[in-house]
Amino acid sequence: MRQFNALVLINEAIAPTWMHLAFEWPSNLPAPRAGQFFTVLPAMVELGAGTMLRRPLAFAGFEPEERQNRASAATDKAIAHSIYQVRGPGTRALACHVPGSLIDVIAPLGNGFPPPLLEEKAIIAGGGIGIGPVLFLAASLSKEASRRGKPEFQLVLGFRSASLIPLRAGSADDSPMAFLWKELLAQAFLTTDDGSEGFRGTVVDALSSLRDRDGSSKEWHLYGCGPGPMLASLAKFADAHHIAAHCSAEQWMACGVGACHGCVLPATSGGFLRVCADGPVFEANQIDWEASLQ
Amino acid sequence: MRQFNALVLINEAIAPTWMHLAFEWPSNLPAPRAGQFFTVLPAMVELGAGTMLRRPLAFAGFEPEERQNRASAATDKAIAHSIYQVRGPGTRALACHVPGSLIDVIAPLGNGFPPPLLEEKAIIAGGGIGIGPVLFLAASLSKEASRRGKPEFQLVLGFRSASLIPLRAGSADDSPMAFLWKELLAQAFLTTDDGSEGFRGTVVDALSSLRDRDGSSKEWHLYGCGPGPMLASLAKFADAHHIAAHCSAEQWMACGVGACHGCVLPATSGGFLRVCADGPVFEANQIDWEASLQ
Amino acid sequence: MNGQDTKRTPSLDLDLSVRIGQLVMSNPVGVASGTFGYGEEYDELVHIDALGALYTKAVTLEPRQGNPAPRLVETPMGLINSIGLANPGVERFLQEKLPLLRRRRCAVIVNVAGSTEDEYAAVIERIEDHLAAIGPRQEERCGVDGYEINVSCPNVHRGGMSFGIDPVLIERLTRSLKGRTARPLILKLSPNVTDIADIARAAEAGGADAISCINTVIGMVIDTEKLRPAIARGTGGLSGPAIRPIGVAATYRVSRAVHIPVIGLGGIARADDAIQYLLAGAQAVQIGTALFSNPRTPHEVLEGIVGWMRRHAVQRVRDIRLMLQ
Amino acid sequence: MNGQDTKRTPSLDLDLSVRIGQLVMSNPVGVASGTFGYGEEYDELVHIDALGALYTKAVTLEPRQGNPAPRLVETPMGLINSIGLANPGVERFLQEKLPLLRRRRCAVIVNVAGSTEDEYAAVIERIEDHLAAIGPRQEERCGVDGYEINVSCPNVHRGGMSFGIDPVLIERLTRSLKGRTARPLILKLSPNVTDIADIARAAEAGGADAISCINTVIGMVIDTEKLRPAIARGTGGLSGPAIRPIGVAATYRVSRAVHIPVIGLGGIARADDAIQYLLAGAQAVQIGTALFSNPRTPHEVLEGIVGWMRRHAVQRVRDIRLMLQ
Ligand SMILES: Cc1cc2nc3c(=O)[nH]c(=O)nc-3n(C[C@H](O)[C@H](O)[C@H](O)COP(=O)(O)OP(=O)(O)OC[C@H]3O[C@@H](n4cnc5c(N)ncnc54)[C@H](O)[C@@H]3O)c2cc1C
Ligand SMILES: Cc1cc2nc3c(=O)[nH]c(=O)nc-3n(C[C@H](O)[C@H](O)[C@H](O)COP(=O)(O)OP(=O)(O)OC[C@H]3O[C@@H](n4cnc5c(N)ncnc54)[C@H](O)[C@@H]3O)c2cc1C
Ligand SMILES: Cc1cc2nc3c(=O)[nH]c(=O)nc-3n(C[C@H](O)[C@H](O)[C@H](O)COP(=O)(O)O)c2cc1C
Ligand SMILES: Cc1cc2nc3c(=O)[nH]c(=O)nc-3n(C[C@H](O)[C@H](O)[C@H](O)COP(=O)(O)O)c2cc1C
Ligand code: FES
Ligand code: FES
């Protein structure tokens, strides 16, 4: 973990209110893993907001230093990627950063997704803005394919509506990372709440249906990232089917490093777990999701 | 007085830490007069500053709608000009506005300089950032020359050092307003604290020396704008020589319109005067300058 | 002007009115005492008639010049002021300020300050005498729809701050003033106390019709170059968004301690802030410091409240305080 | 890392040391209780040995899980927290946290909280017994250089907040704890009182070696969509730059009311903020919430103080408090 001023390389819209951020990654800093996050402090905020805390964002991809076909010609360093939704003053401020500007980053933070075992098939479920970590995980697994065996995985992505699916026609982002994401999106099983594209229903509805017709001999290992209610039903689903499951959780943060005990969620074992330091990736049954939704 | 979103036309450096701001002026709003000011709210501020109040700035010039050779081709409306120093978070934030962006302006505010009588010679003294209102006043008088008689005036400008004199070689600003300012600067009697250009000493030192060799038959009418100590000695000078004198004062402001009684200075008659509504231009003997410096 | 937009917003289906004693305000958004003068200065920028209420700058028995300069300093999302109740005194208030106030269509609440119980009483008596003497005039409003008793100004040595911290004095003061007017009496409380609910209960016991909550918080800025306090008087009153959470907490406590209406203020700059106060238990709100940044704030806040009420299907603004879970 | 830069700054000609009772801190900048854990989590980001002092997260007799989630909400230039003294209890503190703390080169002040006088006393006794039992070890520091008594946490029903508002209880508690340790005893006061100077005088009378001033201010945010308080417990403690003027005013008052050193905190984010506290009368400062925005804050603040001292030709940091005009 380190605090550094990162050069912004890409910061552009990939869907209504969604942005793709890429920044230079320092040499000698361990590469981030899918599920890990960083906290960022934009330089300027809108007058009147009074925002001052860092904002946590998950990594959505990483390009190591040696890579040839790079997302940006502006650097020969490694490049970290994130996908974020413009929601409030902090993300609005971040969206104002142009390539070439600097952001204050602390990274990498938290625990990533554990890789599936060889005998497991990874079912990677993302809902809405939970897309970043799951795209990263899928990309990592597809890369691994060339090294050790061939990890089997299925990406399942849920959106409210077809028009909110990022990186579709109209997105000007043609960086290699965006290209990789588009490939993954093309392979993914898509669901929409309103049925405007793909399966009509939630990601977890889709899982039931997928499970019924799954021909694979491998055990499922669920990976989830998305809104609280989605994670809650994912955990329920995993429990009912006795499937290993890991979820990436969210909670408001202050320090982001485990010091303040502010970002807790209720643990099933009693007490609380810190999202930033004990998570953000938890075994699905570690968190009392129902209580956390209240 | 009106609150409006103003289109920024020019916002560029004219000296170290000094900026020239020009923005579109609404139709149907009375033109500002020299000595009047506006308050401005930038859109974004640096994170951590927590700035939220408007910042008062004086007008440094005005181009009415009908004018031909305009400071900006981006508008056919009237254009207001200001010169400001980048000092703290508010002015730093203002300095980030690029042409084409919008600033929230309330204008025109306060009372301007009363014009000199026909039998008076205007001695217009500006120190440091007090340059804006005095350039505006000199420009107004030089324009009037063509209409009623020919107001006689002498501009006396003081700077800490030659390198801080704005709009010299190196300034890229070649707008018509900058051109006019350069003309006025060329006519002005210049003083520097360190003697690196013109008269060595303060503006008020220069006035004594000018007064000794003044051949004009007209009465002097002093106009001053600059730091508090300069205004205090200007007022003393005017009193000693029985000269009419008007000074533009500064004080921290909140409302800028006279409602909060926050921006007061001690009055010689006892009690307090509001800079924003009773001023910012006062007869020099209205304010107890010594007390105000404490 | 933005105010006119508000008037055009068809909110006929919604009941925005607020009741304080016998007084009905047309909507819950007022402008706070000391930040709006007597309504003259902001006339060109704010559609005053569209306000729910105008709380005047404090009126004292004698004219006061106020505290030495500088009186203001900005702080992170806040403002410290030490104006010191600068005002023309009750006589000149009646002669110079009241005539214009009578032409306002919004409720006008006169903020009253004093150093002693007698001074407060004298101001109210003088105003009541005056109103009785001129009697009702055609096509004019009364100009004084109620009193807000400032027992909480931290900026004067004897500005009522000793009242603001003592429940016994508050109850006695309230009872004494209550006997001198039939108009609603609003006690404005200081947050600079161990238990603001105690003070509120005392005000209620004394007969107050409502509580305004909160006045400014004691604060200080030191100029590290000049090596002295940034404002001449040393400490001053902190206002603005910085103190909003303090005001909401106080409003929450006070509105659970008394049965009379609470008027919430402190740091309201956006509709969401005002709705927080209403959910915390306030029936109405006031906007002070935010006016300085943006004079359109009251109207933007009112529009935002209306929009929120529609989205949440709330008919009456006074029901909002029942919605907190 | 920035901390190392600080080490390189030659400040040999300046005396930055601060004395609290018998304890000498190498410089006046510490990190505030509850924002720095027990010094583990920030190890990779902050050069801890270069700090003047590390104030630990509160330690209670029994382990506490803390308050329900959510526990945090951001406010304008502020943060409300309701952690609720989550901590592993004194036994696990001694077993798991102390060994690492002993390796720190900065002063370590253990923040102590409890619900009753006995609980506070038991924590200190347990720690003193433990320290006596393990005795001094070579090349290790003691790990506990003093105690900061948290009588001011607004986030627990019985978290000592009743002590924090009552001078009589404060004096008794201080005296009782003073009898149990030779280490410096720092009383950390709440700003949520009518007169903080009263409380400070009581702590001094009870034998306190210093006062920390201030803890968080009671505040509340309401989520206007979910129609409930943004943090689970309703109200919480407001910290950050928003409260800096409140802390400076309190420090100014307290340092004029007592003769023992005052440690100022509340909203310090830049060197200028810290210097305001020092000019107001503090001998040392602590940085809490600003760490969350920028972990380099303590070192940047210390560098800024050094730069300011050079510009103002001040030799000893403890003389700054005499410079206010
Ligand atoms: C470990 C972690 C990883 C994250 N990764 C991503 C990511 O990859 N992409 C992305 O778009 N967002 C991500 N988020 C959420 C992101 O941090 C928030 O959207 C952001 O902080 C909002 O800041 P804001 O100032 O724009 O909006 P605010 O005004 O602060 O908040 C806007 C809305 O978001 C809610 N909110 C704010 N912070 C959080 C939070 N931490 N958790 C849940 N709700 C919150 C608020 O209640 C409000 O409704 C992540 C959060 C965490 C904790
Ligand atoms: C009527 C009027 C007209 C003005 N015209 C101009 C102008 O034409 N050009 C220009 O550059 N500046 C002008 N000023 C001053 C300008 O308003 C301040 O420099 C500005 O507000 C500083 O804001 P900031 O956030 O950048 O700095 P801050 O951090 O707020 O202040 C920086 C420094 O300026 C001092 N300061 C801040 N506000 C004032 C003030 N109102 N009066 C005196 N000192 C102050 C502070 O003490 C501090 O030392 C004028 C002020 C007034 C009252
Ligand atoms: C410049 C100024 C002057 C004030 N004068 C008065 C006053 O005369 N009487 C009073 O009761 N409150 C006065 N107040 C307090 C405000 O009415 C209000 O209670 C406080 O500022 C908190 O609200 P805000 O944060 O919206 O400003 C004054 C506040 C400011 C900023
Ligand atoms: C998340 C958090 C946890 C805190 N926990 C404690 C604590 O355990 N004991 C204590 O005395 N103060 C605690 N405090 C208060 C701080 O030590 C400090 O007094 C307060 O935050 C004001 O300083 P700041 O504005 O620099 O944060 C806590 C503050 C925060 C923000
Ligand atoms: S944000 Fe501080 S512990 Fe997680
Ligand atoms: S700034 Fe409010 S009266 Fe001048």
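Order of the sequence lines fixes the chain letters, A, B, ..., with proteins taken first and strands second; residue numbering starts at 1 for each chain.
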Problem set entry | D:Ala32 portion near chain A, given a 4.5 angstrom heavy-atom threshold | neither

Exercise. Given that the side chain runs from C-beta out, which part of D:Asn294 has a heavy atom under 4.5 Å from chain A: side chain, backbone, both or neither?
Worked result: both

Exercise. Looking at A:Leu41, A:Thr51, A:Asp104, which has the largest count of heavy-atom pairs under 4.5 Å with chain D?
Worked result: A:Thr51

For this session: Measure distances from A:Ala254 to the heavy atoms of chain D and classify the residue's part below 4.5 Å as side chain, backbone, both or neither.
Result: both

Problem set entry | Polar side chain donor-acceptor pair, A:His20 to A:His81, under 3.5 angstrom | yes

Problem set entry | Between D:Glu44 and A:Gln3: side-chain donor-acceptor atoms closer than 3.5 Å | no

Exercise. Restricting to pairs with a member in residues 254-272 of chain A, which pass side-chain hydrogen bond (donor to acceptor under 3.5 Å, both in side chains), not counting sequence neighbours?
Worked result: none

For this session: Select, from D:Val73, D:Thr35, D:Leu79, D:Asn87, the one with the greatest count of heavy-atom pairs under 4.5 Å involving chain A.
Result: D:Val73

Problem set entry | Ring centre gap for A:Phe23 and A:Phe38 strictly below 6.0 Å | yes

Exercise. Less than 6.0 Å separating the ring centroids of A:Trp18 and A:Tyr84?
Worked result: no

